[in-house]
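So the structure is just underneath, and the comments pick up after that.
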Amino acid sequence: MPLSANNPDRTSWLHVDKNSDFPIQNIPFGVFLTRDDIITIGTRIGDTAIDLGALHQLGYFDGIPLTDDIFLQDTLNDFIADGRKTWRLVRNRIAQIFDANNDTLKNNKQHKEIVLFRLDEIEMQLPVQIGDYTDFYASKEHATNIGTMFRGEENALMPNWLHMPVGYHGRSSSIIPSGIPVHRPQGQTLPEGSDTPVFGPSKLVDFELEMAFITTDANDLGEPIPIEEAEDYIFGLVLFNDWSARDIQKWEYVPLGPFLGKNFASTISPWIVTLDALEPFRVETPKQDPKPLKYLQFKGKKSFDINLEAAIKPKGAKETVVCKSNFKYMYWNMAQQLAHHTVNGCPINSGDMMGSGTISGPTPDSYGSMLELTWKGENPIKMKDGTERKFINDNDTVIMRAFCKNDDVQIGFGEVKTKMLPIFSPQKKK
Ligand code: CA
């Protein structure tokens, strides 16, 4: 089916700023609460949010096989489960409805009042009910940096790392949309030089600059997904801040891996940008040496050129961009991750989420975490307000951005923004 929604020559009758992440070629999917307190599935063009539930009720999706209530839900899981053909039909139709040459909705004032919202009239929700969340560790630069810090240059990469996309099962209950503040976690840590742990606030709260992909129902128990088919099951991507408490993580992670240092919060951008919208930005995956095993071998361009940045905004001050990276640096691509995840027959469901792992680039200003940017805190970063950061302070807001850009079009994810509050205090809870 043609991706007519991606036509770079199309313009919309809705206003779109020149540098917007959301031109008519993007058409992401999200869930929002409207000014009337109704929850609905929607999309966004420029700074206008569009109620797809209302559009469907008014007949604008006639001819596309959709159940009546498919967009009147508080998650995208059922729509995602409808599969790629339906996603494409809906995106193509939305592009038609809002095309500058189509007057039908444009000239229907009554319908527009029902369907269109300003961004300040809505509140973005988590777009999917995330059943299972898996986090990979797929950036060679990141794995090398972390390995060098903790095991030395000679043993930086574990022997398995170049042979498989290493990952672990995370926790979905603490995944939140952009804008929701997070409390500094408390836990056990082992003070330097001591052999007795202490309990208290984490002193080393960090961000991890990641992307994550959302899947549709893919396979039954026991059935692997071949790598050539893997992308068919990827609905889209979000920008992802996988918060980490480094001191808690360091004390707890041997032998079973990350636990409480990782599962206190992870923040995603609220609009899922479809894999279809990212088609024009495919690039080669970095050369893989040694050659991976057969089930991980692939043909064609399976990586995506997505510019990434992370900034820290201290309370009352301007933000300082601390890192610029790119999703294309990932050593293991998403198709390989999904093929590996299911090679043992592990089922993947609609609304599952897979984090890429911290995306670090080759240069020190492209590292995707404070742990790497400041090299364990040895080289603090100067903020615009004159203060320094080794890790994230109370009341800092971490802001991440992601966008693709070529000569024709910019397709972006908007922002992921989270404020780090002081530790939870029962007295302050109303
Ligand atoms: Ca992570």
Side-chain angles (χ1 to χ4, degrees), residues 130 132-150 156-158 160-161 164-178 182 184-185 187 202 204-215 237-254 256-269 306 308-310 312 322-323 325-327 329-334 336-338 340-341 352-361 366-374 376 391-392 398-400 402 413 416 418 420:
I130 299 162
D132 276 314
Y133 155 50
T134 300
D135 198 18
F136 286 94
Y137 189 54
S139 154
K140 190 177 175 187
E141 287 81 0
H142 173 68
T144 304
N145 287 339
I146 302 297
T148 303
M149 270 181 234
F150 294 107
L157 285 184
M158 295 302 277
N160 57 9
W161 201 92
M164 65 168 87
V166 171
Y168 75 98
H169 286 126
R171 181 133 184 111
S172 48
S173 65
S174 53
I175 298 175
I176 49 173
S178 176
V182 168
R184 175 173 301 271
S202 166
L204 309 180
V205 170
D206 199 356
F207 61 77
E208 289 192 330
L209 178 58
E210 302 193 23
M211 299 294 300
F213 65 89
I214 314 274
T215 60
L237 281 76
V238 290
L239 178 57
F240 182 45
N241 180 356
D242 193 20
W243 288 98
S244 300
R246 301 299 182 192
D247 41 0
I248 295 173
Q249 182 184 354
K250 191 179 175 189
W251 171 230
E252 74 179 0
Y253 87 101
V254 178
L256 285 186
F259 188 36
L260 302 180
K262 291 284 187 177
N263 68 7
F264 59 97
S266 303
T267 314
I268 64 172
S269 54
I306 306 176
L308 304 169
E309 70 174 38
I312 298 172
V322 294
C323 152
S325 186
N326 195 302
F327 190 47
Y329 296 138
M330 300 292 297
Y331 187 85
W332 297 105
N333 59 50
M334 294 182 284
Q336 290 179 308
Q337 290 171 343
L338 203 47
H340 182 64
H341 203 313
D352 285 357
M353 192 178 106
M354 318 278 170
S356 59
T358 307
I359 304 163
S360 294
S366 65
Y367 296 165
S369 65
M370 292 299 276
L371 181 64
E372 295 162 88
L373 288 163
T374 68
K376 289 187 283 182
F391 289 90
I392 304 304
V398 172
I399 305 161
M400 294 177 176
F413 293 77
V416 159
T418 318
M420 179 54 54

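Just follow the structure's listing: the first ligand is 1, and inside any ligand the first atom is 1.
Residues passing the salt bridge (charged side-chain N to carboxylate O under 4.0 Å, His left out) test with D135: none are found, sequence neighbours excluded.
Not less than 6.0 angstrom separates the ring centroid of Y253 from the ring centroid of F150.
Remark: F259 CZ is loosely packed, at most 12 non-hydrogen atoms of other residues, nucleotides or ligands lying under 6.0 Å away.
For the residue pair T267/T418, the side-chain donor-acceptor check at 3.5 Å is satisfied. If you check the side chains of D206 and S244, you find no donor sitting under 3.5 Å from an acceptor.
Protein nitrogen, oxygen and sulfur atoms, that is N, O or S, within less than 3.0 Å of the Ca ion (ligand 1) amount to 4.
Using a distance-only test at 3.5 Å, with no hydrogens or angles considered, a donor-acceptor pair links the side chain of E210 to the main chain of G357.
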